Protein chains: 2
Amino acid sequence: MAEKQQRTLVDQVFKKIFDLLVRGEIPLGGVVNEAALAERFQVSRGPVREAVKQLQGRALVVKEPYLKARVVDLSVEDMIEIFQLREAVEGMSVRLATQTMSDSDLDRLLADFSDALENKDGPVLDVHVRIAEASGNSRIRSLLCDELYYLLRLYRARSGDAPGRRQNAFSEHWQILRAMKARDADLAESLMRAHIARATSALHDLLESRDEDGADQSEKRNAG
Amino acid sequence: MAEKQQRTLVDQVFKKIFDLLVRGEIPLGGVVNEAALAERFQVSRGPVREAVKQLQGRALVVKEPYLKARVVDLSVEDMIEIFQLREAVEGMSVRLATQTMSDSDLDRLLADFSDALENKDGPVLDVHVRIAEASGNSRIRSLLCDELYYLLRLYRARSGDAPGRRQNAFSEHWQILRAMKARDADLAESLMRAHIARATSALHDLLESRDEDGADQSEKRNAG
DNA sequence: TTCAACAAAAGTGTTGACACTTTTTCGCCG
DNA sequence: CGGCGAAAAAGTGTCAACACTTTTGTTGAA
């Protein structure tokens, strides 16, 4: 365990716990036990404690004093809230990127996108990440890449996004990139917002279809 | 010190440190010494350490492993980034509030605003807070109220906002509220974005005027 | 049988000591 | 006299033990 001591233990533990969440070993709503994780990673409780606190800071874990820490249980309502925020922030993100990206960077982004179109392995999210990084606004980039996308990955790890939207996403991304290439910031922002709003609508539909079905949405899992 | 033990020590220390920042006892860019703060508050280093980590999570403190923790030194560039983010998020905030607020809540907001107009004590920010709370989106509310407004207060504690903008702000706020009353979400969002973009422009101007002056912007204060 | 009070267990909060890293200081050599 | 390197100082990272809180399990009486 004392091999890749390049960073601090807290950071290592943070990533290990996060992997546990993404891989579903600790289910959403499950309990995060400091002592158990400390034993598992062969470290003391201190680093685990701080890592959990950091996860709490990123809203991946909820906790009250002296109460067990729990993995956030992302409801559809939560995702709708996140997507509303994304619509606003990513709209600004692509607006700024359109205004400030250099021609060469823009061309490279387009080329990389075309490559990804052929061998469809790269995740859809990557385009959004690239745009966020190109926005030149570190706070927007951090909010999207370090916070919201983590939550998205967590949610998708359980629910799995609708596979039908995959093709539409490519087309919508392509339109956004063309608007960026044309240096039309207004259009790029509108397209991005419409792109995300469409996903929000899908979540709203999912919510309604659930309300019509049985009201057994109160299923919470525990893991002691 | 062990009187109001209602919360956990970490939370108490967090607030105490934050007060120190707002009151300027630890200047922007100043060093945050764990041991010194622990002695000052008569607690161990552990809670101080976690509180600092929490401040770091909210971007009020920057820190690298084994390096001194420093209070974030908010440059004009940082504020521009924050205002760009605010423009996007508060635009969505007022859009959602316009769509979801009840008539009675909206009337009360208008009434409170009129009251505040007469006895001009309430801070300008309060309107933004009320709208964020009324948006119904807890994540947007938290981002604005728990993170960005903290940074604003920190920045204004040193720089002081331009007093000339105060009157304009009242007028702009009034327009926004009227659009909300008319249930025109598009207009409300546009007005809010323009309102914040105007402040962003002022920051851009400030930046340019500084570049024209001497380049003595490298003054950093320490406090060991 | 059921409910309440009490006791034991589990888990979190806090502490002080020790290990590691970075910075500063001081002496040495060029 | 100036720069380089080692030792000391300062400060952060980690750990194991102890204190406190919450939860669970049990016992006793109504």
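Order of the sequence lines fixes the chain letters, A, B, ..., with proteins taken first and strands second; residue numbering starts at 1 for each chain. Fair warning: this is a prediction, and the values are worked out from it, not measured in the lab.
Residue contacts shown for B/Val13 are absent, as no nucleic acid heavy atom lies under 4.0 Å away.
The side chain of A/Lys68 contributes no N or O atom lying less than 4.0 Å from OP1 or OP2 of C/dG13. The phosphate of D/dT12 (OP1 or OP2) has no side-chain N or O of B/Lys53 nearer than 4.0 angstrom. At the phosphate of D/dT12, neither OP1 nor OP2 sits under 4.0 Å from any side-chain N or O atom of A/Thr8.
In this entry the distance linking CD of A/Glu64 with P of D/dT23 reads 10 Å, nearest Å. Across the protein-nucleic acid pair, B/Phe14 atom CZ and C/dG13 atom P stand 16 Å apart, rounded to whole Å. Atom CZ in B/Arg49 sits roughly 14 Å away from atom C1' in C/dT14 (whole-Å rounding). A straight line from CD of A/Glu39 to P of C/dG11 spans 12 Å, rounded to a whole angstrom. Rounded to whole Å, atom C1' of D/dA10 lies 12 Å from atom CD of B/Glu34. Atom CG of A/Asp11 is separated from atom C1' of D/dT12 by 13 Å (rounded to the nearest Å). Residue B/Asn33 contributes atom CG, which lies 17 Å from atom P of D/dA9 at whole-angstrom precision. Distance, A/Leu37 CG to C/dT12 P: 9 Å, rounded to whole Å.
Under a 3.5 Å cut-off, the side chain of A/Gln99 and the backbone N or O of A/Ala185 do not form any donor-acceptor pair. For A/Arg141 (side chain) and A/Ala132 (main-chain N/O), no donor-acceptor pair under 3.5 Å exists by modelled atom type.
For the salt bridge (charged side-chain N to carboxylate O under 4.0 Å, His left out) test, residues two or more places apart in sequence or in another chain that qualify with A/Asp112 are A/Arg130. Residues that satisfy the salt bridge (charged side-chain N to carboxylate O under 4.0 Å, His left out) test with B/Glu189, not counting sequence neighbours, are A/Arg193, B/Arg95. The salt bridge (charged side-chain N to carboxylate O under 4.0 Å, His left out) test applied to B/Glu39 returns no partner, not counting sequence neighbours. The salt bridge (charged side-chain N to carboxylate O under 4.0 Å, His left out) test applied to A/Lys53 returns B/Glu50, not counting sequence neighbours. A/Thr100 is linked by a side-chain hydrogen bond (donor to acceptor under 3.5 Å, both in side chains) to nothing, counting only residues two or more places apart in sequence or in another chain.
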Tabulated below should be each protein N or O lying under 3.5 Å from an N or O of nucleotides 15-19 of chain C; please produce it.
residue	atom	partner	partner atom	Å
C/dT15	OP2	B/Ser44	N	3.0

